[in-house]
Asker: 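The structure is given below, and queries will be raised subsequently.
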Amino acid sequence: TTTTSTTTSTTTPESTSTSHIDVIYIAPSGVMKEHIKEEDIFIVDLNNNIIQKPLNDSLKLSECAPLFQLAYNMREAGAVGHSHSQNAVMATLIYDKEFIITELEMIKGIKKGAGINAPSYNYYDKLIIPIIENTARECELEESMKIAMQAYPLANAVLVRRHGVYVWGPTWEKCKGMMECYDYLFEMAVKMKQMGIDPTQSEKK
């Protein structure tokens with residue numbers, strides 16, 4: 001099994017990690033990801049213990065690491081992405097505790113629940129994503145994100161208010177695809193509300 005973690009500012013990876021069997025490979029924090037070399041990668045176990053550090057002692061493990069671990073351990077994820085997308089942040093400002101949207105074509109690009117064989121949402125489903133409150137440091141989000149994941153077993157994302165979103169999937173390809181779908185849906189929800197259209201309500205007569 002291979003696992004990938006991705007930290008992003010939009011939907012383009014800024015930080016990545018992969019795992020093989022019981023180890024995870026995580027890119028360092030604060031480094032332009034297109035410049036990362038093999039020797040810059042952290043290797044950690046499934047309890048986030050560092051097994052191997054980069055050759056460059058100045059590199060630091062991402063504060064996202066404990067949050068990535070939640071998706072690996074609770075959802076058997078093959079990939080985790082983190083985005084600071086403005087669309088995600090705006091979505092957290094117009095919703096309270098849950099992001100809800102329905103009857104948009106891109107919903108069908110989202111998996112319902114964990115695992116490679118999980119079904120996709122259909123057009124008439126309501127997509128619900130929990131929203132948690134931000135903290136001063138990213139690692140301090142761990143407990144509230146864990147509670148949200150337990151409360152929403154079908155969700156493959158958690159929004160963080162005024163911060164961004166975490167997304168996971170069974171493979172890095174599925175995760176990247178879902179990140180793009182989520183970002184589209186966040187943007188649409190904001191625009192629909194601006195036009196006085198409720199994104200949570202069905203148009204079926």
Side-chain angles (χ1 to χ4, degrees), residues 3-17 19 24-33 36 41-42 44-50 53-54 58-77 79-101 110 114 127-169 175-176 178-183 185-187 189-190 193:
T3 303
T4 304
S5 296
T6 306
T7 304
T8 67
S9 59
T10 58
T11 52
T12 303
E14 283 188 349
S15 174
T16 61
S17 84
S19 83
I24 299 170
Y25 302 85
I26 303 180
S29 178
V31 178
M32 294 181 66
K33 301 312 177 266
I36 288 177
I41 301 297
F42 284 86
V44 303
D45 64 19
L46 293 178
N47 294 313
N48 209 36
N49 298 308
I50 297 175
K53 295 182 178 181
S58 68
L59 297 179
K60 297 181 180 180
L61 183 66
S62 171
E63 284 204 345
C64 297
L67 309 177
F68 292 156
Q69 295 284 351
L70 290 176
Y72 298 146
N73 295 327
M74 295 178 65
R75 294 289 195 271
E76 299 181 356
V80 186
H82 177 42
S83 170
H84 296 139
S85 160
Q86 292 184 25
N87 295 325
V89 173
M90 285 300 298
T92 69
L93 298 178
I94 63 172
Y95 285 86
D96 186 17
K97 299 296 184 182
E98 299 175 329
F99 172 87
I100 305 174
I101 198 165
I110 305 297
L127 175 67
I128 303 176
I129 305 170
I131 301 173
I132 62 176
E133 300 302 322
N134 198 21
T135 54
R137 296 184 60 192
E138 206 141 17
C139 58
E140 295 171 351
L141 291 167
E142 184 176 4
E143 185 60 28
S144 58
M145 184 165 164
K146 180 179 180 180
I147 292 170
M149 291 174 68
Q150 290 171 334
Y152 295 82
L154 295 182
N156 282 306
V158 172
L159 281 157
V160 183
R161 199 177 315 281
R162 296 178 178 267
H163 181 150
V165 64
Y166 284 86
V167 180
W168 51 88
C175 181
K176 183 176 184 297
M178 284 198 289
M179 290 186 76
E180 293 170 354
C181 291
Y182 278 126
D183 201 64
L185 294 168
F186 298 150
E187 182 177 11
V190 172
K193 288 210 172 191

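The model shown is predicted, which means the values in this text are computed figures rather than measured ones.
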Asker: For residues E133 and T92, determine if any side-chain heavy atom of one lies less than 4.5 Å from a side-chain heavy atom of the other.
Answerer: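 No. Closest side-chain heavy atoms not under 4.5 Å.
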Asker: Could you tell me which non-hydrogen atom of V190 sits nearest to which non-hydrogen atom of A91, and how far apart they are?
Answerer: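 Scanning both residues completely, I find the closest heavy atoms to be CG2-N, 4.0 Å.
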Asker: For a 4.5 angstrom cut-off between non-hydrogen side-chain atoms, does F42 reach S62?
Answerer: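 Counting from C-beta outward, F42 and S62 never come under 4.5 Å.
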Asker: Test D96 against R161 for side-chain contact (heavy atoms from CB on, under 4.5 Å), laying out the working first.
Answerer: CA-CA 9 Å; D96 186 17; R161 199 177 315 281; 4.2 Å; yes
Asker: Picking from M179, M149, M178, what satisfies side chain to side chain contact (heavy atoms under 4.5 Å, CB included) with W168?
Answerer: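 It is M149; the other options fail the test.
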Asker: Can you check whether K146 reaches E142 side chain to side chain, under 4.5 Å on heavy atoms?
Answerer: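 They are not in contact (no side-chain heavy atoms under 4.5 Å apart), so the answer is no.
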Asker: When rounded to the nearest 0.5 angstrom, what is the spacing between CD1 in I131 and OG in S144?
Answerer: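 Between I131 CD1 and S144 OG, I get 12.5 Å after rounding to 0.5 Å.
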Asker: Look at the side chain of E138 and the backbone N and O of E63, then say whether any donor-acceptor pair between them is shorter than 3.5 Å.
Answerer: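 Side chain of E138 to backbone of E63, a donor-acceptor pair under 3.5 Å: no, none is there.
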Asker: Give me the atom names and distance for the closest heavy-atom approach of I129 to F186.
Answerer: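 Scanning both residues completely, I find the closest heavy atoms to be CD1-CE2, 3.9 Å.
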Asker: Can you measure from NZ (K193) to CD1 (I94) and round to the nearest 0.5 angstrom?
Answerer: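 One gets 5.0 Å once the value is rounded to the nearest 0.5 Å.
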Asker: Hey, is CD on E76 packed in by over 12 heavy atoms from elsewhere, all under 6.0 Å?
Answerer: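 No, CD of E76 has 12 or fewer neighbouring heavy atoms, counting only those of other groups under 6.0 Å.
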Asker: Is there a side-chain contact between Q150 and M74, using heavy atoms and a 4.5 Å cut-off?
Answerer: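 In short, these two side chains touch, coming nearer than 4.5 Å.
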Asker: Closest approach of G81 and C175, non-hydrogen atoms and distance?
Answerer: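 Minimum heavy-atom contact is N-SG, 3.6 Å.
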Asker: Closest heavy-atom contact between I41 and A27?
Answerer: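 Looking at all heavy atoms of both residues, the closest pair is CD1-CA, 3.9 Å.
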Asker: To the closest 0.5 Å, what do you measure between CD (E180) and CG (L185)?
Answerer: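 One finds 12.0 Å between CD of E180 and CG of L185.
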Asker: Apply the side-chain hydrogen bond (donor to acceptor under 3.5 Å, both in side chains) test between D45 and each candidate in N49, N48, N47; give the one that qualifies.
Answerer: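 Going through N49, N48, N47 one by one, the side-chain hydrogen bond (donor to acceptor under 3.5 Å, both in side chains) with D45 is satisfied by N49 alone.
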Asker: Can you list every pair that meets ring-ring contact (aromatic ring centres under 6.0 Å, His included) and has a residue in residues 128-165, with sequence neighbours left out?
Answerer: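 Counting only pairs at least two positions apart or across chains, the ring-ring contact (aromatic ring centres under 6.0 Å, His included) contacts touching residues 128-165 are H82-H163, H84-H163.
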Asker: State, with a plain yes or no, whether a side-chain heavy atom of L46 is found less than 4.5 Å away from one of I24.
Answerer: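 Yes - at least one pair of side-chain heavy atoms lies under 4.5 Å apart.
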Asker: How long is the span from the SG atom in C64 to the CG atom in L70, to the nearest 0.5 Å?
Answerer: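 These two atoms lie 11.5 Å from each other.
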Asker: How long is the straight-line distance from CD of E98 back to CG of L127, given to the nearest 0.5 Å?
Answerer: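 Rounded to the nearest 0.5 Å, the CG-CD separation comes to 11.0 Å.
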Asker: So, for G164 and V89, which heavy atoms are closest and what is the spacing to 0.1 Å?
Answerer: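 So the minimum-distance heavy-atom pair works out to N-CG2, 4.0 Å.
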Asker: Please tell me if the side chains of V165 and F99 come closer than 4.5 Å, counting only heavy atoms from C-beta onward.
Answerer: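 They are not in contact (no side-chain heavy atoms under 4.5 Å apart), so the answer is no.
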Asker: Of the non-hydrogen atoms in P54 and L59, which two are nearest, and what is the gap between them?
Answerer: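 Result for this residue pair: CB-CD1, 3.8 Å.
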Asker: How many angstroms lie between atom CD1 of I101 and atom OH of Y95, to the nearest 0.5 angstrom?
Answerer: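 Between atom CD1 of I101 and atom OH of Y95 there are 5.0 Å.
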